[in-house]
Amino acid sequence: MDIADSFAELAIPQQSTRAGIYHYDAYDRAFLQERIAEFRGQVERRLAGALTEDEFKPLRLMNGLYLQLHAYMLRCAVPYGILSSQQMRQFAHVARTYDRGYGHFTTRQNLQFNWIKLVEAPDALAALAEADLHAIQTSGNCIRNVTTDEYAGAAADESVDPRVYAEILRQWSTLHPEFSFLPRKFKIAITGAAVDRAAIQVHDIGLAVKRDAEGRIGFEVWVGGGLGRVPVIGNKIRDWLGEDDFLAYMEAVLRVYNALGGRENIHKARIKILLRDVGPAKFTEMVEREFSWIPKEKFRIDPEVIAAIRAHFDPPPFAVLPNAAATLAQQVAANAAFAAWVEHNTHPHKQPGYVSAVISLKPIGGVPGDASADQMDAVADLADRYSFDEVRVSHIQNLVLPHVRQDELFEVWQALATLDLATPNIGTVTDIIACPGLDYCSLANARAIPVAQNLSERFRSLERQYDIGQLFLNISGCINACGHHHVAHIGILGVDKKGEEFYQITLGGSATNDAAIGDIVGAALSYDKVVDAVETIIQTYLGLRTSAAEKFIDAYRRVGMAPFKDALYAVA
Amino acid sequence: MQAKVKAKGAAQPLVITANRLGDGRVVWLAGASLGAEGQWSERVADAAIFLGDAADAGMAVAAKAEAAQMVVGAYVVEVAATPAGPAPLRSRERFRADGPSILTAAAA
Amino acid sequence: MPLLESGQPVADRFTAVADDAVLPDAPALIPLARIASVDAGRNAELGVQVTSSTAPEAIAPYLDRVTLVAIEFPKFRDGRGFTIARTLRERYGYTGEIRAVGHLLPDQYSHALRCGFTSAVVPDGADLAPWRAALQVVTLAYQPDVTGSDPLDGLRRHRRYG
C-alpha cells in the first residue's frame, strides 16, 4: 500500500483554501506523522536511559525543543511567517493545553512556547500536526526556518513572489540527509521586493529573487552575513542565478560549508567565518567549482512542479474594487486615532482597494512579541472575516493581516482596539524587538524584556514617538543576538559583569538595503541606567537633526558617534 | 552554560541545582544523605548548603540522579546563606530560583 | 564490533591492518596514507579508512583499487562524513562499499544510507532494534539523494533502502 494512503484516512481538518499557505497533501501529513513517531521513540529512549543527554540533545533540538532556564521551550516553525487562521487557532489550543496560555513570536517569524514538559512534547507536536504545523529544524546545526518579507505576495513594491521559492527551500532542506549535522546553524532569507524587509544581507544565505529583461526568474545570492559574536554584512557571490540551477547552487554552498566550516570552536563555526578566512573571491571560486560538478538535472525542478507550488500562493479571490481613497480619507479625517493607526500600521498593497494591516504586539509596557491564546483566537477570527483566513508573522515580532479591504479597515481597527492590538507604533521607538533574555533563556546574560517594557513606558507618548520618527530599537540578552541589536538604529546588548546585568549600546545599524552593523558607543551600563541613556541619545538626536524630516539613522550617519558619546559619557 | 565554580573558596556556601528531566523545571538538591540520588526540591529555600569542597560529594549524588534520568545538567551555584535560606549570588541563578521577573501576556 | 547492512548484522570480510603490519593475502582495511605504498599487483581486496577531515579529492585517485571506503565519525555531530560519501558516489561514481565507523547514532542511519553509505559498524552489545527501526520510521523524503529513486513530483521522493 502506498505510504500516504495509510494516512489519508487520518481525521485531519483541511486548511482554508483561501489562505496563501502551502497546503499539505497526504504525503506531507504522512511525513509529519512519521517524524512525530520517531521523536516519540527518541523521548522514550531518553526517559529510559537508552540515550544520554549528550546524544538526545541534538535530536530534540532538531524538533525545536530546548531546555531553558525554567522549563523546556518548544520553538514551532511558522514557515516563512505565514499562518492560516486555523493554524493560529491551533497555536492557541497548544498554548492552553500544553503551556500557560501564551506564546512568543520571534525574529525568525516562529512561535515559542515557554513552559513545555518533555513528557508531553510528543503530544504537543501531534496537536500541532493536526493543523499541518511542526517544530522541525527550528534549532540544531541544520538549515533553519526560511524567512521572508511579511508582505510577500501583497506588497506593492514586489516584483517576484518569494513564497514559492521559500517553500521549495523548505521542502529541500527538511531532513536533508547531508546537511543535518552542519558545523553550526544555517539561516536563509529571501525577498522579492524593492525594499528588503527580510534582512538578506545578515543571513548565512540571502536571496533576492528578481526577473531579467526577458521576464525569466533568477536570484541574487548573498552569503556569509550574520549577527552573533561576529556581526558581518554578507558578500554577494552571484548577481544572477537562474531558476533551473537554484537548488543545485544551494547544494554547492552548503557542501562547501559542511566540508570546510570550523568544527573545533563553536564561535568560529558559522559560514561567515569560513568566508572571512578564505576570502570572498576564493570562497566564491570553491562554490562555483563544487557547482560545476553537481549533477544539475537531478536538482532541476520541473516547471510543472514550480507551477504547482506557485498555485498554492495564487492570489485569494480579491474583489474588484476601486481604490477606496476617498472613503478612507473621510474616516481618517473624522478620527485622529484611526488616522494615526492607518499612517503607521498599514502597508501599500498591490491589489487596488486593499491594504496590509499590521497588528502591533508592542502595547505600551507589554512583552514584545507575546500573544495570549485569546488574542491568537481573536486574530484568527479577524483573519477569517477580513483577510482571506491568513495571518503573517513579521521578523519585527508583529502580526500582519495581509489582505484587508480598504473600506473595511476602520472595522478592523475598531476590533483590534478592543483587543489591545491596535497600538499605532509600527516603526517607532516603542516597536522594540526583544529576545526572551534572562527571564527565560539559558544562554542569556541579562534580561531584555523588562528593558523593552521600561523603554516603552518612558516613550509612551504617541506625540513624542511620532516626533522622534522612524527608529528601530532592538534588544538582545546575549551576544547570540536573537534580538538583532547589531542592525538596530539603537541596539542594546545584555552582558554579564561579575554576575550582574549590564548593557552595551550600539548606534547606526540597519537591517535593510543599506545594511550596516551598529557601532559600540562605550562602556556597558547597569540595568537602571539604560532607559536614561536611550533618553539621552534621543535628546541628542532631536537637538542636532536638521529638521523633523531627518531620521535618526540619517542624522547618525551625518554626524557620527561623537555627539552621542559625549552626551552619554562626558557628564559622568 | 553556566561555568562551574572554578576556585571554591573554603567558606563559600554552595548549592547544587539542575533541571528535572521530565518537565525541565528548576530543582535544587535538598538532602544529599537521603538516598543515592538525593532529594530534589523546586524551592531554593530547601537547597542543602555545602561549604567549599563539600560540594563535591553533592555533585556525586547529582551525577547519580542524572544517570537515573531524574535530572539533567547539574551544577554548583554560589549562594549567600541568609535567614530565609540560600540566596544565589548571580543574577542568572536568582531568576532561575524566582522565575521570570515579568508579567506575562496571559497574566497581564 | 557488529557490522550492519540494511539494518542486519553481517560478517566483515575485511581485516583492519595497522600502519606497519604485514598485509595479509585477504581483504584488508588500511589507512588511506598507506595505499600509495601498496603493491599495485596485489590481488586481494583492499579497503581504505579515512578521517572526516579527508577531502574526497584525496581518495579519488585510489577508488579503482579499493572495494571499501570506511569513513570515520569522530563524534556524531561531525557531519562531514555525509558529504564525503555523497561526493564519492555522485562526483566520482564510486560503486563499492562505503562504511561508517565511529560514533554514529541509529537516528542518523537513514541519513547515512541516503548519502551513499552501505554499511555501519555499531558498538559491541548495541541494541540493534533502533537501527532496524530507523529504516522504517521515516520513509518519505523531500529531496534527491544518491539512492536514485524516481521522483514523485520533483522534490518529494520515496526513500528506498537496499
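Residue numbering restarts at 1 for every chain, and letters A, B, ... go by the order of the sequence lines.
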Worksheet item: For B:Asp98, which residues count as a salt bridge (Lys or Arg N to Asp or Glu O under 4.0 Å) partner, sequence neighbours excluded?
Response: none

Discussion item. Is B:Leu21 close to chain A through its backbone or its side chain, or both, or neither, when contacts mean heavy atoms under 4.5 Å?
Written reply: both

Discussion item. With a 4.5 angstrom heavy-atom cut-off, is it the side chain or the backbone of A:Glu120 that approaches chain B, or both, or neither?
Written reply: neither

Worksheet item: Quick one: does B:Gln69's side chain get under 4.5 Å of A:Leu47's, heavy atoms only?
Response: no

Worksheet entry | B:Asn19 versus A:Leu69, closest heavy-atom pair with distance | ND2-O, 3.2 Å

Fill in: Minimum-distance pair of heavy atoms, taken over all atoms of B:Ile102 and A:Pro450
CG2-CG, 3.6 Å

Item to complete: Run the salt-bridge test on A:Asp496 and B:Arg92 with the 4.0 Å N-O cut-off and return the result as yes or no.
Response: no

Worksheet item: Does any heavy atom of chain B fall under 4.5 Å from the side chain of A:Ala48, the backbone, both, or neither of them?
Response: backbone

Worksheet entry | Which residues share a salt bridge (Lys or Arg N to Asp or Glu O under 4.0 Å) with A:Arg60, sequence neighbours left out | A:Glu53

Worksheet item: Does any heavy atom of chain A fall under 4.5 Å from the side chain of B:Arg20, the backbone, both, or neither of them?
Response: backbone

Fill in: Minimal non-hydrogen separation, A:His70 against B:Gly99, with atom names
CE1-CA, 3.6 Å

Worksheet item: Are any non-hydrogen side-chain atoms of B:Val72 and A:Lys57 less than 4.5 angstrom apart?
Response: no

Worksheet item: How close do B:Pro100 and A:Tyr440 get, heavy atom to heavy atom, and via which atoms?
Response: CG-CE2, 3.7 Å

Response to the item:
Shortest non-hydrogen pair, A:Lys498 vs B:Arg90, comes out as C-NH1, 4.4 Å

